Amino acid sequence: MPTRRTSRGADRTRLSGDCDVLVCGGSFAGLAVARELAGSGARVLVLDRYEIGERQTSACGIPTEWLRTMGLMGAHRQTFGRLVVHTPFGTSVLELPWTFSTFDYPALCELLWAQSEAEFETAKVDGRTADTVHTDRGDLSAPLIVDALGWRRVLGGGGYQPPDAPLSRGLEVHPWGAGDEMELWIDRKYVPAGYGWSFPAEDEVRVGVGSFDPHFHVKDTTVMLAEELDRDPVRYQGNWIPHRLRAATDDGVFFVGDSAGHCLPLTAEGIRTALYFGIACGRELRAVVEGRRPAAAALSRYGDFSEGHRWKFEAMLAAQRIVPRVPPGLLHRSIRAMQAKRFVRYCKNVEAGRE
Ligand SMILES: Cc1cc2nc3c(=O)[nH]c(=O)nc-3n(C[C@H](O)[C@H](O)[C@H](O)COP(=O)(O)OP(=O)(O)OC[C@H]3O[C@@H](n4cnc5c(N)ncnc54)[C@H](O)[C@@H]3O)c2cc1C
């Protein structure tokens, strides 16, 4: 097990050795895997090129219940019971079947990390040969390897090359300020296929634009939306967002979160899915390190589990393709119809498994 901790620059030391589980990527997916292995007795090492929580990767909006159930309310910023949707034809206010909350990214990562018993090192992961992972600080080996490195899927084959890959493009600014509503803009003046958003988070507002078409550049319209809202276009944050499910296992490696395309098409929600599949992966790994299951069986079970959700991802991808083609007037009327109490009740029942 590597024992030397590092910092930056000249103080960086070489890493070498092995551990039971090597989790590459220390954001939502990687931390959820590590958390699930706490108490298993396994030697778990998490690698990330940045310190935990250092680089925010999203607008950090999630159903509140996920924060509550996972003991993460300490990172909570603001809760919304409704969603305000703007189209060129008017504004609709949709009561949500469950509340959404924004959270603080560094605080959430710290809370997840505190629930794990793993070790952490900063290192840039460059690739893999069999059970050895190559990093800019040396090679590390483990019988169980997890790629939670995001859309680049560094440890797998068939890498994506934007913009010619099934990736959406997201960019946001984080001006200081406050707001009461979680808002979306479905308006072609900001993006031909996609949406704009404003997510208040107590003392800052996350304003951005996401495009389902990776060729459409969202910087100008992100600035436009921010300025129209009287917000300063400052503190940028953006990334590619996968909208296609990929194999969750390959050549002995477990892929979780964006590296497996576990981000929902249409809504571009990838946090709760990263946590969800991270927990599933962690449970399989736990069964292996506790001697209850061979690694091959865990790989196959986790791969099947992810595949079992494919139809939902495909259905949402179909919706992602259809929605931008709906004439804006008709889209507005459809969204307005969702304001009906009956529709909200139906969604609640679906969520509760009663429909
Ligand atoms: C602008 C924007 C807003 C979004 N808003 C939301 C939202 O409000 N709600 C929501 O549910 N989803 C949102 N998403 C999607 C969500 O951010 C992702 O789906 C989610 O972050 C996926 O989590 P992950 O852990 O799989 O990957 P990531 O969060 O991308 O984490 C990957 C980790 O791997 C590390 N890493 C990458 N490459 C290397 C390497 N070579 N070596 C070492 N470390 C490496 C990174 O530093 C990072 O810590 C948004 C995305 C964008 C771009």
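For clarity, every value in this text was computed on a predicted model and none was experimentally measured. We count ligands from 1, going down the list as the structure has it; atoms in each ligand are counted the same way.
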**Prompt:** Is ligand 1 under 4.0 Å from a heavy atom in the side chain of Ala123, in the backbone, in both, or in neither?
**Reply:** backbone

**Message:** I'd like to know whether Arg235 forms a side chain to side chain contact (heavy atoms under 4.5 Å, CB included) with Glu204, so could you lay out the CA-CA distance, the side-chain angles of the two residues, the decisive distance to 0.1 Å, and finally the verdict.
**Reply:** CA-CA 11 Å; Arg235 298 160 72 214; Glu204 71 170 31; 3.0 Å; yes

**Request:** Would you mind listing which atoms of ligand 1 come within a distance below 4.0 Å of any non-hydrogen atom of Ala59?
**Result:** 3 (C), 4 (C), 5 (N), 6 (C), 8 (O)

**Prompt:** Any idea which protein heavy atom is nearest atom 9 (N) of ligand 1, and the distance to it?
**Reply:** Gly61 O, 2.9 Å

**Message:** I'd like to check whether Arg49 has a polar contact with ligand 1, where a contact means an N/O of the residue lying under 3.5 Å from an N/O of the ligand.
**Reply:** yes

**Prompt:** If you count the atoms of ligand 1 from 1 in the order shown, which ones are under 4.0 Å from a heavy atom of Cys263?
**Reply:** 19 (O)

**Asked** Looking at Ala268, which atoms of ligand 1 are within less than 4.0 Å of one of its heavy atoms?
**Response** 12 (N), 13 (C), 14 (N), 15 (C)

**Request:** Answer with yes or no after comparing the ring centroid distance for Trp197 and Tyr195 against a 6.0 Å cut-off, counting only values under it.
**Result:** yes

**Message:** Within the 3.5 Å criterion, strictly below it, is a donor on Asp139 or His134 matched to an acceptor on the partner's side chain?
**Reply:** yes

**Message:** I need the nearest protein heavy-atom contact for atom 27 (O) of ligand 1: residue, atom name and distance, please.
**Reply:** Gly150 CA, 3.9 Å

**Request:** Salt-bridge test for Asp147 and Arg128: reply yes if a basic N is under 4.0 Å from a carboxylate O, no otherwise.
**Result:** no

**Request:** Could you list the residues that satisfy ring-ring contact (aromatic ring centres under 6.0 Å, His included) with His309, not counting sequence neighbours?
**Result:** Tyr276, Phe277, Phe305

**Request:** Within a distance under 4.0 Å of any heavy atom of Phe199, pick out the atoms of ligand 1 and give their elements.
**Result:** 8 (O)

**Prompt:** Where is the nearest protein heavy atom to atom 12 (N) of ligand 1: which residue, which atom, and how far?
**Reply:** Gly270 N, 3.0 Å

**Asked** So between Ala148, Ser58, Gly25, Pro63, whose heavy atom ends up nearest atom 32 (C) of ligand 1?
**Response** Ala148

**Asked** With a cut-off of 4.0 Å, which atoms of ligand 1 are near a heavy atom of Ala29?
**Response** 25 (O), 26 (O)

**Request:** Report, in ascending order of atom number, the atoms of ligand 1 lying under 4.0 Å from any heavy atom of Ile241.
**Result:** 51 (C), 52 (C), 53 (C)

**Message:** I'd like to know whether ligand 1 has Lys124 as a neighbour, heavy-atom separation below 4.0 Å.
**Reply:** yes

**Message:** Under 3.5 Å between any N/O of Asp258 and any N/O of ligand 1: does that happen in this structure?
**Reply:** yes

**Prompt:** Would you say Gly26 has any N or O atom under 3.5 Å from an N or O of ligand 1, going by distance alone?
**Reply:** no

**Prompt:** Between the side chains of Trp151 and Asn239, does any donor sit under 3.5 Å from an acceptor?
**Reply:** yes

**Message:** What protein heavy atom lies closest to atom 45 (C) of ligand 1? Include the residue and the distance to one decimal.
**Reply:** Leu149 CD2, 3.4 Å

**Reported CD-to-CZ distance for the pair Gln237 and Arg55, which is rounded to 0.5 angstrom** = 10.0 Å

**Asked** Below 3.5 angstrom, do we get any N/O pair linking Ser27 and ligand 1?
**Response** yes

**Request:** Examine the side chains of Thr79 and Thr99 and answer whether a donor and an acceptor come within less than 3.5 Å of each other.
**Result:** no

**Request:** Show your reasoning for whether side chain to side chain contact (heavy atoms under 4.5 Å, CB included) applies to Leu47 and Leu22.
**Result:** CA-CA 8 Å; Leu47 297 179; Leu22 186 54; 4.0 Å; yes

**Fill in**
For Glu181, the salt bridge (charged side-chain N to carboxylate O under 4.0 Å, His left out) test, sequence neighbours excluded, returns Arg82

**Asked** Which of the atoms of ligand 1 are close to Gly257, meaning less than 4.0 Å from one of its heavy atoms?
**Response** 26 (O)

**Message:** I'd like to check whether Tyr50 has a polar contact with ligand 1, where a contact means an N/O of the residue lying under 3.5 Å from an N/O of the ligand.
**Reply:** no

**Message:** For the CZ atom on Arg272, are there more than 12 heavy atoms of other groups (residues, nucleotides or ligands in this structure) within a distance under 6.0 Å?
**Reply:** yes

**Message:** Does atom CZ (Arg325) have a neighbourhood of more than 12 heavy atoms from anything else shown, all under 6.0 Å?
**Reply:** no

**Message:** Just verifying a value: how many Å separate Arg286 CZ and Arg293 CZ, rounded to the nearest 0.5 Å?
**Reply:** 12.5 Å

**Request:** Looking only at distances, please establish whether an N/O atom of ligand 1 is found under 3.5 Å from an N/O atom of Ile271.
**Result:** yes

**Taking atom 23 (O) of ligand 1 as the reference point, the nearest protein heavy atom with its distance** = Phe28 CD1, 3.6 Å

**Request:** Evaluate side chain to side chain donor-acceptor pair (under 3.5 Å) for Ser27 paired with Tyr105, printing each intermediate quantity in order.
**Result:** CA-CA 9 Å; Ser27 184; Tyr105 180 73; 2.9 Å; yes

**Message:** Heavy-atom distances under 4.0 Å decide this one: backbone, side chain, both or neither, for Cys60 against ligand 1?
**Reply:** backbone

**Request:** Could you say whether the N/O atoms of Val125 and ligand 1 ever approach to under 3.5 Å?
**Result:** yes

**Asked** Which heavy atom of the protein is the closest neighbour of atom 49 (O) of ligand 1, given with residue, atom name and distance?
**Response** Asp48 OD2, 2.6 Å

